[in-house]
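Step one of this worksheet: look at the structure below.
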There are 2 protein chains.
Amino acid sequence: MPINQLRQALHDQGLKLTRSRLAVLQVLAATSAHLKVAEVHRRARQIDGRVGLASVYRTMELLARLRLVKHVHVEHRHRHYARIREHHGHHLVCNGCGLVVEFSDCQLERLTRALARRTKFRIEGHCMEFFGQCRECRCRPASNTARGKRKS
Amino acid sequence: MPINQLRQALHDQGLKLTRSRLAVLQVLAATSAHLKVAEVHRRARQIDGRVGLASVYRTMELLARLRLVKHVHVEHRHRHYARIREHHGHHLVCNGCGLVVEFSDCQLERLTRALARRTKFRIEGHCMEFFGQCRECRCRPASNTARGKRKS
DNA sequence: TTCAAGCTGAGAAATATTCTCACTTGAGTC
DNA sequence: GACTCAAGTGAGAATATTTCTCAGCTTGAA
Ligand SMILES: [Zn+2]
Ligand SMILES: [Zn+2]
Ligand SMILES: [Zn+2]
Ligand SMILES: [Zn+2]
């Protein structure tokens, strides 16, 4: 999302484009892996040393509300986020290096309808994720720091 | 899963069927909603007052390893589990009362193959969940304690 | 420049989960 | 039943993550 469009989106809700938010956005723009909040914070500080952890939490929550990021359900104790670029995006996640590939052709409409009919639920949404090993991690199984990324 | 089959499954791994585990299993057998660990603990204590919280955590982890329960990705701060009955089960979750309906016809094989081809990932698994309102909660939107269940 | 929300960072607080350890128990063997 | 011992336990401490609080700072508009 271009920065001016974002500024507009924030403005529409009476929100400001602040130092901290800019730093976090730069961090997200520079990676294609999912990150835990503490890691976003660490990287944001390299851009602007004054950014506080609480603000990163607040910003990630805001970005999730604006649908610019999304939880990834890796089985860690902490929350991981990945960027969203596509409108109705789902994620394919590499268990080795954290690389995230997005796709939007989830083809779940038919399943949704069938389930709704069968269960009498009003279905309001779904989450779907795939996980595995990316090409790079598959070819280099010994190293667990592919792409120079540490665990995060 | 009948109790003797479970005893056998535990035995095969050198594990025991203990008081705490039995209490947790009874709790799970008695509900069709997803539960957070603290709630499983509360209910287990009604069956056997000596059950400790740590044991419930350990038991849920064990049951997840045995594929008898599974995480549900509700957006709370704590972990929720739901029973698994079907072999390759996915969950449809009611946001109102926590009711979980299981289904296994996920029809993702084709999508999996297409994604693998396109991204060069080796795909090792997926998670998929649907959420919405069950019939009962849809008809009674004012109350948030449908089925006498409190938040958990 | 001035102003008023909106935001901020720091640290405290709340909450969830894991760990530790001395004691207990389940289940096999006699 | 009594004996054995590894597996399991409960209590509470420890750890980790996330949220809250609040006095002061910033952003964006006038
Ligand atoms: Zn990888
Ligand atoms: Zn979808
Ligand atoms: Zn319901
Ligand atoms: Zn499936």
Side-chain angles (χ1 to χ4, degrees), chain A residues 3-25 34-66 69 71-81 151-152, chain B residues 3-25 34-66 69 71-81 151-152:
Chain A
I3 197 74
N4 275 329
Q5 196 180 330
L6 176 61
R7 193 186 296 271
Q8 184 61 47
L10 290 171
H11 181 265
D12 291 347
Q13 307 196 31
L15 305 172
K16 294 173 180 177
L17 188 52
T18 62
R19 267 190 324 104
S20 308
R21 288 174 184 170
L22 270 170
V24 168
L25 287 164
H34 56 141
L35 299 173
K36 66 180 175 184
V37 179
E39 177 66 14
V40 175
H41 180 225
R42 196 183 64 75
R43 296 186 187 195
R45 287 219 143 167
Q46 294 177 343
I47 295 168
D48 180 337
R50 290 169 294 175
V51 174
L53 179 58
S55 285
V56 177
Y57 271 98
R58 292 184 283 233
T59 299
M60 296 312 287
E61 207 175 299
L62 170 66
L63 295 178
R65 212 162 58 234
L66 294 176
V69 301
H71 283 167
V72 172
H73 295 120
V74 291
E75 301 297 332
H76 288 159
R77 205 183 18 230
H78 38 255
R79 218 172 276 172
H80 280 240
Y81 288 95
K151 63 180 181 305
S152 59
Chain B
I3 198 72
N4 275 330
Q5 195 179 332
L6 176 61
R7 194 186 295 271
Q8 185 61 45
L10 290 172
H11 181 265
D12 291 348
Q13 307 195 32
L15 305 173
K16 294 174 181 175
L17 187 52
T18 62
R19 268 191 320 107
S20 306
R21 288 174 183 170
L22 271 170
V24 168
L25 287 164
H34 56 140
L35 299 173
K36 65 179 175 186
V37 180
E39 177 66 14
V40 175
H41 180 226
R42 196 182 65 73
R43 296 186 187 194
R45 287 219 142 166
Q46 294 177 344
I47 294 168
D48 180 337
R50 289 169 294 175
V51 175
L53 178 59
S55 285
V56 177
Y57 271 99
R58 292 184 283 232
T59 298
M60 297 311 287
E61 208 175 298
L62 170 66
L63 295 177
R65 215 162 59 234
L66 295 175
V69 301
H71 283 166
V72 172
H73 295 120
V74 291
E75 301 298 331
H76 288 160
R77 210 192 7 238
H78 40 253
R79 218 172 275 172
H80 279 238
Y81 288 95
K151 64 178 180 306
S152 60

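Quick caveat: nothing in here was measured; it's all calculated off a predicted structure. Lettering of chains follows the sequences in order, A, B, ..., and the numbering in each one begins at 1.
Residues B:A23 and B:I47 approach most closely at O-CD1, 3.8 Å, considering heavy atoms.
Evaluation of the side-chain contact (heavy atoms from CB on, under 4.5 Å) rule for A:L10 yields A:L6, A:L15, A:L17, A:L62, A:L66 as partners, not counting sequence neighbours. Residues satisfying the side-chain contact (heavy atoms from CB on, under 4.5 Å) criterion with A:R45, sequence neighbours excluded, are A:H41. By the side chain to side chain donor-acceptor pair (under 3.5 Å) test, A:S55 pairs with A:R58, sequence neighbours left out. Every residue was checked against the ring-ring contact (aromatic ring centres under 6.0 Å, His included) condition with A:Y57, not counting sequence neighbours, and none meets it. Residues satisfying the side chain to side chain donor-acceptor pair (under 3.5 Å) criterion with B:Q8, sequence neighbours excluded, are B:D12. Residues satisfying the side chain to side chain donor-acceptor pair (under 3.5 Å) test with A:R42, not counting sequence neighbours, are A:E39.
Taking 4.0 Å as the cutoff to heavy atoms of chain A, we find the contact window on DNA chain D bounded by D:dA16 to D:dA29.
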Heavy-atom protein contacts under 4.0 Å, nucleotides 11-20 of chain C, coded B base, S sugar-phosphate only, - none:
----SSBBBB
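In this structure the side chain of B:H71 reaches within 4.5 angstrom of the side chain of B:Y81, judged on heavy atoms. B:L25 has its side chain within reach of B:L63: a pair of non-hydrogen atoms, C-beta onward, lies under 4.5 Å apart. Here the side chains of B:V24 and B:M60 are in contact, with some heavy-atom distance below 4.5 Å.
Residue order along DNA chain D, read from the 5' end via each residue's closest nucleotide, puts B:L62 first among B:R45 and B:L62.
Applying the salt bridge (Lys or Arg N to Asp or Glu O under 4.0 Å) test to every pair with at least one member in residues 15-24 of chain B, sequence neighbours left out, gives these pairs: B:R19-B:D48.
The distance from atom NZ of A:K36 to atom NE2 of A:H78, rounded to the nearest 0.5 Å, is 4.0 Å.
Distances shown here put every side-chain N or O of A:S20 at or beyond 4.0 Å from the OP1 or OP2 atom of C:dC7.
A rotation axis mapping the C1' atoms of four pairs onto the next four is fitted at both ends of the helix from C:dT1-D:dA30 to C:dC30-D:dG1 over five pairs, and the angle between these axes is 40° to 10 degrees.
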Output a table of nitrogen or oxygen pairs between the protein and nucleotides 25-29 of chain C separated by less than 3.5 Å.
unit_1: C:dG26; atom_1: N2; unit_2: B:K16; atom_2: NZ; d: 3.3
unit_1: C:dG26; atom_1: N3; unit_2: B:K16; atom_2: NZ; d: 3.2
unit_1: C:dA27; atom_1: OP1; unit_2: B:L17; atom_2: N; d: 3.2
unit_1: C:dA27; atom_1: OP2; unit_2: B:R7; atom_2: NH1; d: 3.4
unit_1: C:dG28; atom_1: OP1; unit_2: B:H11; atom_2: NE2; d: 3.4

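The aromatic rings of B:H73 and A:H73 sit parallel, their planes meeting at an angle under 30°, below the 60° perpendicular limit.
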